[in-house]
Amino acid sequence: MVRLSIAALLLSTTAAFHLPSTRHTVVRPLTSSLASTTTTTANADEFTSESAKRQIGNDSFLNQDLMARAQNGPGVKNQERLKIGIVGAGLAGMVAAMDLADAGHDVEMFELRPFVGGKVSSWKDKDGNHIEMGLHVFFGCYYNLFGIMKRTGSFDTELRMKEHVHTFVNDGGSLGSLDFRFPIGAPVSGLQAFAKTEQLGLEDKFHNALRLGTSPIVRALFDFDGGMDMVRELDDISFTEWFTQLGGSRGSLDRMWDPIAYALGFVDCDHISARCMLTIFMLFAIRTEASVLRMLEGSPQTCLHDPIIKYLEDRGVKINTSTGCREIVYDTDESGKPTRVTGIKVGPKEELKEYDAVVCALDVPGIKKVLPQAFRDHYPMFDNIYNLDTVPIATVQVRFDGWVTEMNDDARMMDVSGDQSDGRGGGIDNLLYSADAEFSCFADLAVTSPGEYYKEGEGSLIQAVFDERAFDRSNDQIVQDCIDQLHALFPSSRKLKCTWSSVVKLGQSLYREKPGQDKFRPKQATPISNFFLAGSYTYQDYLDSMEGATRSGLMVADEIIARADGDKGLKAQSKAAAVASGATGETEEAKVPFFATA
Ligand SMILES: Cc1cc2nc3c(=O)[nH]c(=O)nc-3n(C[C@H](O)[C@H](O)[C@H](O)COP(=O)(O)OP(=O)(O)OC[C@H]3O[C@@H](n4cnc5c(N)ncnc54)[C@H](O)[C@@H]3O)c2cc1C
């Protein structure tokens, strides 16, 4: 106990003196901090764009200034108007399209599914129920994504901020929490949250403090670059290996860290990279707002994507849904080495579309399918992608005739009368974690995101994400398991009836954030100068997340904008290649107005 107090005192004293509140608004050359980092695959030298370079390395990690950049757009119009094809209309692709359209380019998007949004998509079933690919929460440090939402006008109206508490629900209805509400911000608010939490017993708290007290996070409080570099170096071991090396206990892993690991990557602490987990703790330790959660007002389609689609359509971007890319078309040199992408073949008829630049903003299975063998044969960075694996998940929605998470008042739990829209339903209005259920995290959407999820006369709409432990079960079985496990967590809910359910299985969702993956994640600029990769699996610090996807899209757009103009620009390369191949490069479609603004 005495040693715990000393450890806590040490942490809070260090924090009080060294809290780097404005540290990351300084922009300085990034290569120095990267030079000492062996595991980082993205290198600022590979980007021409200064703006893209600002997204790389330690300085970018918590740089709030990036929000203004994302909000204001690229702020330049290129002289040359490029014809750009974007494959994949998830967040990464749509964000890249926004900036490229703003810079004056002619952008066309191709999406395999009938709707945009990728892993954050939602759609309506035949009865008008909004179904989601997965439960999505926003950390308060999603600066780039918040900037995009401000640009499209959805930030102020479509996000609901939650209490600054992370709640764990245990069998029998006991709650534990990490309560960050405290008059002093990070890291003190975090330290007191860990010290007070009911989720861990005294012994586990002691071991937790011991391990976190010797973590790179403490170093980062007075030497941010040093701490971040240490975190990056820990990609090759699991969180469990790292945590138990110096005092961390199995009890903390089981009761607190496993639910968090599942929520982050749908794998447990034994299988998630230490780098992934420590990256998130770093966010929480340095920025008070990072651990504040936000959820959408309603469905992702309405609250996130519709405003982006409007922004794109207002700028002439054509989005072709249900039109997958079948093939990438490219030029080679005499040895067969791909030198330049000339277009893509799309749709069932494999229609050829020619472009000055192509962005593949895909998920891991998508990019693996579409990359030509010659790209893999000649460039290791493309071949490395095939080392990345994915995790299967099943998202379950279960509607009840009362309020499942309302455990204190039976009458309130059963009361679905009147208008309980706008989050006025009973129970807990936040994301929930559990160590005792097979779903890693869950929420009552009728309360947390009531927009389209609350239905008059009905109660909770619990949305829970099951991981691979349950993936192979039948949908009916998964729904039954979800109900049984909810009953175990919230015993009072046994009095409620399930009125509707849905299961969405995604066989290949996030890239598997297991140890040793960072070295396989590709950078966004590739060795083929007019071919780019975006997507949350590409290398950026925000793991496989909406913020990571957004960052990658902005980086690609910045890089294309930086490369567009001039004698050696992408347009000049297209014209030169067309001349070399004997084509005029000036098709009827291309002459007017395509070259008119060039
Ligand atoms: C269940 C679940 C819960 C999650 N929860 C959170 C959360 O709470 N917070 C958070 O920040 N992140 C969360 N994520 C992660 C987040 O959803 C992703 O990181 C992010 O949406 C990835 O965006 P993206 O654009 O990179 O890729 P995707 O969204 O995967 O987009 C890629 C697109 O490419 C399309 N495509 C594939 N092949 C082709 C082809 N040949 N031609 C054309 N199109 C093609 C796909 O259909 C898809 O639309 C969650 C993910 C899942 C699965």
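These values consider heavy atoms only, across backbone and side chains, with no hydrogens, waters or symmetry-generated copies. Whatever order the structure lists them in is the order used to number ligands and atoms, beginning at 1. The structure presented is a predicted model; accordingly, all values stated were derived computationally and were not measured.
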Just distance, no hydrogens or angles: give the donor-acceptor pairs under 3.5 Å from side chains in residues 388-395, sequence neighbours left out.
unit_1, atom_1, unit_2, atom_2, d
Asp389, OD2, Arg512, NE, 3.0
Thr395, OG1, Met133, O, 2.8

Pocket residues of ligand 1, ordered first by chain and then by residue number (heavy-atom cut-off under 4.0 Å): Val87, Gly88, Gly90, Leu91, Ala92, Phe110, Glu111, Leu112, Arg113, Gly117, Gly118, Lys119, Val120, Met133, Gly134, Leu135, His136, Val137, Tyr142, Phe266, Gly324, Cys325, Ala361, Leu362, Asp363, Gly366, Ile393, Ser509, Leu510, Gly535, Ser536, Asp544, Ser545, Met546, Ala549
Near-ring test Tyr330/Phe531, centroid separation under 6.0 angstrom: no
Within the 6.0 Å centroid threshold, strictly below: His271 and Phe266: no
Counterpart residues, side chain to side chain contact (heavy atoms under 4.5 Å, CB included), relative to Lys368 (two or more places apart): Val364, Ile385, Tyr386
Parallel, tilted or perpendicular, as decided by the 30° and 60° cut-offs, for the rings of Phe375 and Phe382: tilted
Those residues that, when tested against Asp331, pass salt bridge (Lys or Arg N to Asp or Glu O under 4.0 Å) (two or more places apart): Arg340
